[in-house]
Amino acid sequence: MNLYLQALEADKNGNWDKAHELVQDLSTADAAWIHAYLHRKEGDKFNAGYWYNRAGKDFFSGTLEEEWEMLWEHFNG
């Protein structure tokens, strides 16, 4: 399983810290998207906005669950 899916699974299982650790040092747009999602979940909109920008994405306006599902499908596809 790739690091992106591992991060998403860790988040799903309630381990935000592990999810963040898995993506924080990766420099890809995909990692930035997960990083943005994680900071949005944390409630840090400013930091999330920075990471959405790095990912080339607009700030996600749906629920956290919807974004998690979108991420899972993107990386599992």
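Reckoned from all heavy atoms, side chains included, excluding hydrogens, waters and symmetry mates.
To the nearest 0.5 Å, atom CG of residue N15 and atom NE2 of residue H20 are 12.5 Å apart. L38 contributes atom CG, which lies 12.0 Å from atom CH2 of W68 (distance to the nearest 0.5 angstrom). In this structure, CD on Q6 lies 10.5 Å from CD1 on I34, to the nearest 0.5 angstrom.
For K41, the side-chain hydrogen bond (donor to acceptor under 3.5 Å, both in side chains) test picks out D11, with sequence neighbours left out. With sequence neighbours excluded, no residue forms a salt bridge (charged side-chain N to carboxylate O under 4.0 Å, His left out) with K18. By the side chain to side chain contact (heavy atoms under 4.5 Å, CB included) test, N47 pairs with H39, D44, Y50, W51, sequence neighbours left out. For A55, the side chain to side chain contact (heavy atoms under 4.5 Å, CB included) criterion is met by A32, W33, K57, not counting sequence neighbours. The side-chain hydrogen bond (donor to acceptor under 3.5 Å, both in side chains) check on E69 picks up nothing, with sequence neighbours excluded. Every side-chain hydrogen bond (donor to acceptor under 3.5 Å, both in side chains) that Y52 has, sequence neighbours left out, goes to R40, E67. In this view, T63 and E65, E66 satisfy the side chain to side chain contact (heavy atoms under 4.5 Å, CB included) rule, not counting sequence neighbours.
Screening residues 19-30 for salt bridge (charged side-chain N to carboxylate O under 4.0 Å, His left out) gives no qualifying pairs among residues at least two apart or on separate chains.
F46 forms part of no hydrophobic cluster, judged by ILVMFWY side-chain heavy-atom separations under 4.5 Å.
Annotation for D58: atom CG does not count as buried by contact number, only 12 or fewer foreign heavy atoms lying within 6.0 Å.
Under the 3.5 Å distance criterion, the side-chain polar atoms of N2 are matched with a main-chain donor or acceptor of Y4. Side-chain N or O atoms of N13 include one that pairs as donor or acceptor with a backbone N or O of E9 at under 3.5 Å.
With contacts defined as side-chain heavy-atom distances shorter than 4.5 Å, the pair L3/V23 does not qualify.
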- Message: Between F60 and M70, is the side-chain contact (heavy atoms from CB on, under 4.5 Å) condition met? List the steps.
- Response: CA-CA 11 Å; F60 193 81; M70 183 180 290; 3.7 Å; yes
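Listed here is the closest heavy atom pair of A10 and A19: CB-N, 3.9 Å.
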